Amino acid sequence: QVQLVESGGGLVQAGGSLRLSCTTSGSILSIGTMGWFRQAPGKQRELVATITTSSGSPTYADSVKGRFTISMDNAKNTVYLQMNSLKPEDTAVYYCNINARPQWYSGFQTYWGQGTLVTVSE
């Protein structure tokens, strides 16, 4: 079983900061990428940021560039999302995502966290 456990969501005022974390556990041989998606009410789930474990190279949605920073700790199988200068439009459920190779399969599979709610007030 592969599990992704998220934490760090909450309520914050506009302009404030939050730090999300996501720790992966289970029968995983390797992780290719880790990232964050979010889904606001009435909207499609969208990519926020990803990071490639081999290179540490990040990608960001245009809406969060300059405000959010994704990072990882390979030893802990953990990915973080530092969110600064938060805006009300950042309000969403944030989902951790990994592309990982499980022990039971030779290829890579996609796994999702349970989601953590971020609410940004005016």
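Note that the structure is predicted; figures quoted are calculated from it, not measured.
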Transitive ILVMFWY side-chain link Leu81 to Val93, under 4.5 Å | no
Measure the shortest side-chain to side-chain distance between [X] and [Y] over non-hydrogen atoms and say whether it is less than 4.5 angstrom.
X     : Y      : result
Pro58 : Met72  : no
Tyr95 : Gln114 : no
Thr33 : Ile51  : no
Met34 : Thr53  : yes

Out of curiosity, [X] [atom1] to [Y] [atom2], how far, rounded to the nearest 0.5 Å?
X      : Y     : atom1 : atom2 : result
Glu89  : Lys43 : CD    : NZ    : 8.5 Å
Phe108 : Ile98 : CZ    : CD1   : 10.0 Å
Ser7   : Leu20 : OG    : CG    : 8.0 Å
Leu47  : Ser63 : CG    : OG    : 9.5 Å
Asn99  : Ile31 : CG    : CD1   : 10.0 Å

Carboxylate-amine/guanidinium proximity below 4.0 Å for Lys87 and Asp90 = no
Any side-chain donor near an acceptor of the partner, Asp73 and Thr78, under 3.5 Å | no
Is there a donor in the side chain of Thr50 and an acceptor in the side chain of Thr59, or the other way round, less than 3.5 Å apart?
-> yes
Does the ring centre of Trp112 sit less than 6.0 Å away from the ring centre of Phe37?
-> yes
Would you find a donor on one side and an acceptor on the other, under 3.5 Å apart, between the side chain of [X] and the backbone of [Y]?
X      : Y     : result
Thr24  : Leu4  : no
Ser55  : Ser57 : yes
Thr119 : Leu11 : no

Decide if atom CD of Gln103 counts as having more than 12 heavy atoms of other residues, nucleotides or ligands within a radius under 6.0 Å.
-> yes
Shortest non-hydrogen contact between [X] and [Y], atoms and distance:
X      : Y      : value
Asn84  : Ser17  : OD1-OG, 2.8 Å
Glu6   : Tyr94  : OE1-O, 2.6 Å
Gln13  : Ser121 : CA-OG, 3.5 Å
Tyr111 : Ala100 : CE1-O, 4.0 Å
Leu86  : Arg67  : CA-NH1, 3.9 Å
Met83  : Val118 : CE-CG2, 3.7 Å

Which pairs, with at least one residue in residues 14-50 and sequence neighbours excluded, count as a disulfide (SG to SG under 2.5 Å)?
-> Cys22-Cys96
Stepwise side-chain contact (heavy atoms from CB on, under 4.5 Å) check, Trp36 with Asn97 = CA-CA 6 Å; Trp36 295 92; Asn97 168 272; over 6 Å; no
Answer yes or no on whether Arg19 is positioned over the face of Tyr80, meaning its NZ or CZ is under 6.0 Å from the six-membered ring centre and within 45° of the axis.
-> yes
